[in-house]
Amino acid sequence: MRIELQQRQAPSAVARLLAPVLALAAAFLLGGIVVAAMGRSPLAALDVYVLQPLSDPWALQEMVVKATPLVLIAIGLSFCFRANLWNIGAEGQFIVGAICGSTVALATHGTDAGAWVLPVMLALGTLGGIAWASVPAFLRARFGVSEILTSLMLVYVAELILDYLVRGPWRDPKGFNFPQSVTFDDAATLPFLADGGRLHIGVLMAVVAVVVAFVVMGHTIFGYRLRVTGEAPRAARFSGFSERRTTFIVFAISGGLAGLAGIVEVAGQIGQLKPSISPGYGFTAIIVAFLGRLNPFGILLAGLVMALTFIGGEAAQITLRLPFDLTRTFQGILLFCVLAADALVTYRVRLVRGAPAQAAGRAA
């Protein structure tokens, strides 16, 4: 007896809509089992992870702030994934964007530079992400090298570059030998939306990215080209759509938004460069993209959900003495649940008796 997956002729639209919800519920159930195995109460963990942050105004603001880079990166990744291209290196593009944008902040530090500093920082951060993403795009388009491997390996290169800079030439001479740059001037930081709050204008950038992506994906020829390229590559070639051009464009969009997210994070809530500018936003955004069904508004909602896990994980460290690695474990469980839910919507599981036909033919 063996298990086979038989593709459904017409997958249910309702099932596709409910799949992320059921995947999230299954992930919480499995997470509760893990918490119980660690000797903690699953109900107490649910209260700390979910209920308390949703009832605290400060935690809600922090959740939106943490969702901002996740949404920006996931929106860019959705362009790649729709074209059946796999940019796994958004974390590196995030870091390079932060580095490139910060060059202006550090070069103008203490000079009373004008309002031009912040726009240039954002532009350089975006261009840095595009440049870093263009490397795997070029290798894929020119030599057929797997973009999964090249984009992933470039993450570690970006991390080492950042570590070298903040421990070497960009280290704050008055920072007591800590690996960090000087604190950015006010002209090089994102303004807050309200006095005394945590929300900055980077939140509005994420909302704008969601709206623009929704229009582009659903109401333009380019969006149609992405769908055709991803779902029917041969039809795309017969239609005259250039695979190389599509590769460069979607990687540029993905890398640009990841780079923008990097400089927004640094110029927003951190205010300086340090090795730990990202708790893994680039990798978590992959889960956000799939949990949101590659739909811009779904990604916005999924980004808030994933940001909630970060806030809850930090609270659980203090209240329940649970390791923060449990948050990463839960995010990994959630990704597997999302992929499993998608597979069950697309395919029907069948139990088949006997040996496969090909094996039987070879035996004969």
Side-chain angles (χ1 to χ4, degrees), residues 19-38 40-75 77-78 90-91 94 198-199 202-203 206 210 258 261 264-265 268-270 276-295 297-342:
V21 180
L22 297 177
L24 186 62
F28 272 109
L29 178 61
L30 293 174
I33 295 174
V34 173
V35 170
M38 298 178 67
R40 306 293 195 278
S41 169
L43 293 180
L46 178 65
D47 179 59
V48 173
Y49 266 91
V50 180
L51 300 182
Q52 290 184 16
L54 292 178
S55 60
D56 184 1
W58 181 88
L60 288 175
Q61 290 190 54
E62 192 69 15
M63 184 175 69
V64 174
V65 170
K66 286 189 177 295
T68 297
L70 290 174
V71 171
L72 284 171
I73 299 171
I75 288 292
L77 291 178
S78 67
E91 180 79 359
F94 175 94
R198 292 277 295 167
L199 302 181
V203 175
V210 168
V264 163
E265 181 71 6
Q269 64 170 344
I270 299 178
S276 57
I277 60 174
S278 171
Y281 285 139
F283 297 115
T284 306
I286 298 173
I287 306 175
V288 172
F290 282 108
L291 183 61
R293 312 291 297 177
L294 304 183
N295 179 283
F297 289 103
I299 287 173
L300 178 61
L301 181 59
L304 293 171
V305 171
M306 295 306 294
L308 179 63
T309 65
F310 281 113
I311 302 298
E314 293 171 356
Q317 278 185 290
I318 301 172
T319 305
L320 301 178
R321 299 186 181 276
L322 288 171
F324 189 72
D325 288 339
L326 182 62
T327 299
R328 298 180 182 274
T329 302
F330 174 77
Q331 292 172 353
I333 291 173
L334 179 57
L335 176 59
F336 279 112
C337 290
V338 170
L339 296 177
D342 286 343

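Index from 1, following the sequence. All heavy atoms count here, side chains included; hydrogens, waters and symmetry mates do not.
- Checked by atom type and distance alone, the side chain of Arg40 pairs as donor or acceptor with a backbone atom of Leu320 at under 3.5 Å.
- Closest non-hydrogen pair, Gly303 versus Leu70, comes out as O-CD1, 3.9 Å.
- Thr68 contributes atom OG1, which lies 8.5 Å from atom CD of Glu265 (distance to the nearest 0.5 angstrom).
- Residues Ala90 and Ile73 approach most closely at CB-CG2, 3.5 Å, considering heavy atoms.
- Between Asp342 and Val338, the closest side-chain pair of non-hydrogen atoms falls below 4.5 Å.
- In this structure, the separation between CD1 on Ile299 and CZ on Phe290 is 10.0 Å, given to the nearest 0.5 Å.
- Proximity of Leu326 to Tyr49: side-chain heavy atoms (C-beta onward) are separated by under 4.5 Å at one or more points.
- Here the closest non-hydrogen pair linking Gln331 and Thr284 is OE1-OG1, 3.4 Å.
- Separation of atoms CE (Met63) and OG1 (Thr309) is listed at 10.5 Å; rounding is to 0.5 Å.
- Looking only at side-chain heavy atoms (C-beta outward), Phe94 and Ile277 come within less than 4.5 Å of each other.
- Of all non-hydrogen atoms in Gln317 and Pro323, the two that sit nearest each other are CG-C, 4.3 Å.
- Inspection of the Glu91 and Ser278 side chains reveals an N or O donor paired with an N or O acceptor under 3.5 Å.
- For the pair Met306/Tyr281, no side-chain contact is recorded, criterion being any heavy-atom separation below 4.5 Å from C-beta on.
- Here the CG atom belonging to Leu291 is positioned 10.5 Å from the SG atom belonging to Cys337, to the nearest 0.5 angstrom.
- Atom CD1 of residue Ile287 and atom CG of residue Leu77 lie 11.5 Å apart, to the nearest 0.5 angstrom.
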Full working for side chain to side chain contact (heavy atoms under 4.5 Å, CB included) between Val288 and Val71: CA-CA 8 Å; Val288 172; Val71 171; 5.5 Å; no
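- Listed here is the closest heavy atom pair of Ile311 and Ala59: CG2-CB, 4.2 Å.
- What you find for Ala307 and Ala67 is that their closest heavy atoms are CB-N, 3.6 Å.
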Donor-acceptor list for residues 51-58 side chains, cut-off 3.5 Å, not counting sequence neighbours:
from  : atom 1 : to    : atom 2 : distance (Å)
Gln52 : NE2    : Asp47 : OD2    : 2.7
Ser55 : OG     : Leu51 : O      : 3.2
Ser55 : OG     : Gln52 : O      : 3.0
Asp56 : OD1    : Trp58 : N      : 3.2

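- Interatomic distance, Leu29 CG to Leu24 CG, rounded to the nearest 0.5 Å: 11.5 Å.
- Residue Phe336 places its CZ atom among 12 or fewer non-hydrogen atoms of other residues, nucleotides or ligands, all under 6.0 Å distant.
- Among residue pairs with one or both ends in residues 298-321, those qualifying as salt bridge (Lys or Arg N to Asp or Glu O under 4.0 Å) are Lys66-Glu314; sequence neighbours excluded.
- None of Leu72, Leu300, Asn295 except one satisfies the side chain to side chain contact (heavy atoms under 4.5 Å, CB included) rule with Val210; the exception is Leu300.
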